[in-house]
Amino acid sequence: MSELVLYGDANWHSPYAFSCYVALREKGLPFEYRTLSLEAGEHRAPDYQRESLTGRVPALRHGEFWLSESSAIDEYLEDVFPPPGHAGLYPAEPRQRARARQLQAFLRSDLLPLRVERPTSTVFGREAVEPLTPAGEEAARRLVAAAERLLSPGAAALFGDFGIADADLALMLQRLAANGDPLPERLLGYAAGIWQRPSVKGFIARELPPGR
């Protein structure tokens, strides 16, 4: 297996680097985590811009192959290191798999007021926040509605077994839970349960993966 290197932000606040870190840890893959200071513009270095294509974090280097954009990285890891040799990141059933991808796309492309008003720095860094604006409250309502529809009552994961969409959804719910915003009890319990996974706790603690 060629060496895997994941590039993330130096303050460990990126929800997208979080997703890829959790994916690698869940797969049990040895990898190196390298940080870039976005404030210092390290992601704009010519070599990084050229190799990553987008000049953003996260980016994954697998030997000579580079890939950026977190959902693309998650899916690449699933394709190259598939079950049963490695833990699965996506459901095997096609419609559930499509639904997981739909949820990931929704969480990345929508709910902007919530992502702005409850940035991940308030989850990972406990930064103080102001009350949600009406736009933020509407985004929170839409998030909760989607989560309640997808998560079966009493379920610990969206599609039976844990998948990477669970990590992404739990982080979005933690934007509310960590800041004391209203959240249904079963969603609080779900997000808290996902937060106890070693892969998630490793990112929060800024741990290097085992064997590195």
Side-chain angles (χ1 to χ4, degrees), residues 4 6 8 14-29 31 54 56-60 62 67-112 114-115 118 120 123-124 139-177 183-184 186-204 209:
L4 290 159
L6 180 65
S14 168
Y16 313 115
F18 166 81
S19 183
C20 297
Y21 176 98
V22 170
L24 285 159
R25 290 290 298 264
E26 291 287 337
K27 288 284 186 186
L29 298 169
F31 68 98
T54 62
R56 305 203 297 182
V57 297
L60 179 74
H62 184 197
L67 185 67
S68 59
E69 301 304 315
S70 60
S71 57
I73 293 170
D74 289 345
E75 293 187 24
Y76 174 77
L77 292 172
E78 183 78 334
D79 289 340
V80 177
F81 305 101
H86 300 273
L89 299 177
Y90 292 92
E93 198 280 319
R95 291 185 178 183
Q96 289 188 342
R97 193 180 187 93
R99 188 70 76 196
R101 288 169 167 163
Q102 178 190 17
L103 177 59
Q104 284 189 293
F106 171 62
L107 296 176
R108 284 161 170 72
S109 65
D110 208 322
L111 309 175
L112 180 60
L114 182 58
R115 288 187 278 123
R118 295 293 183 265
T120 50
V123 177
F124 298 129
R141 185 198 64 77
R142 295 178 61 230
L143 169 64
V144 167
E148 288 193 311
R149 180 173 180 184
L150 288 174
L151 185 67
S152 299
L158 290 166
F159 306 106
D161 296 323
F162 172 86
I164 196 61
D166 287 295
D168 292 343
L169 177 58
L171 177 52
M172 188 63 80
L173 292 172
Q174 288 287 357
R175 294 175 189 263
L176 298 173
L183 198 61
R186 75 183 185 96
L187 295 185
L188 275 171
Y190 162 77
I194 299 299
W195 230 236
Q196 292 306 305
R197 295 189 71 84
S199 58
V200 173
K201 293 172 75 173
F203 187 90
I204 295 170

- request: Could you tell me whether a side-chain N or O of E78 sits under 3.5 Å from a main-chain N or O of L89, the two making a donor and an acceptor?
  value: yes
query: Would a distance-only check, ignoring hydrogens and angles, find a side-chain to backbone donor-acceptor pair under 3.5 Å from R97 to A92?
result: no
Distance-minimising heavy-atom pair for [X] and [Y]:
{"X": "T120", "Y": "S14", "answer": "OG1-N, 4.5 Å"}
{"X": "L77", "Y": "L29", "answer": "CD2-CD1, 4.2 Å"}
{"X": "H86", "Y": "K27", "answer": "ND1-O, 3.1 Å"}
{"X": "K201", "Y": "Q196", "answer": "CD-O, 3.2 Å"}
{"X": "C20", "Y": "L6", "answer": "CB-CD1, 3.8 Å"}
{"X": "T54", "Y": "S68", "answer": "OG1-OG, 3.0 Å"}

query: In Å and rounded to the nearest 0.5 Å, what is the CG to CG distance from L187 to L173?
result: 5.5 Å
message: With rounding to the nearest 0.5 angstrom, report the CD to OG distance, Q104 to S19.
response: 5.5 Å
query: Would you call R197-D166 a salt bridge at under 4.0 Å N-O?
result: no
- prompt: Do the two ring centres, one from Y90 and one from F159, sit under 6.0 Å apart?
  reply: no
message: Counting only heavy atoms from other residues, nucleotides and ligands, does the tally under 6.0 Å from CZ of R99 exceed 12?
response: no
query: Stepwise, does the ring-ring contact (aromatic ring centres under 6.0 Å, His included) test hold for H62 with F81?
result: CA-CA 12 Å; H62 184 197; F81 305 101; 5.6 Å; yes
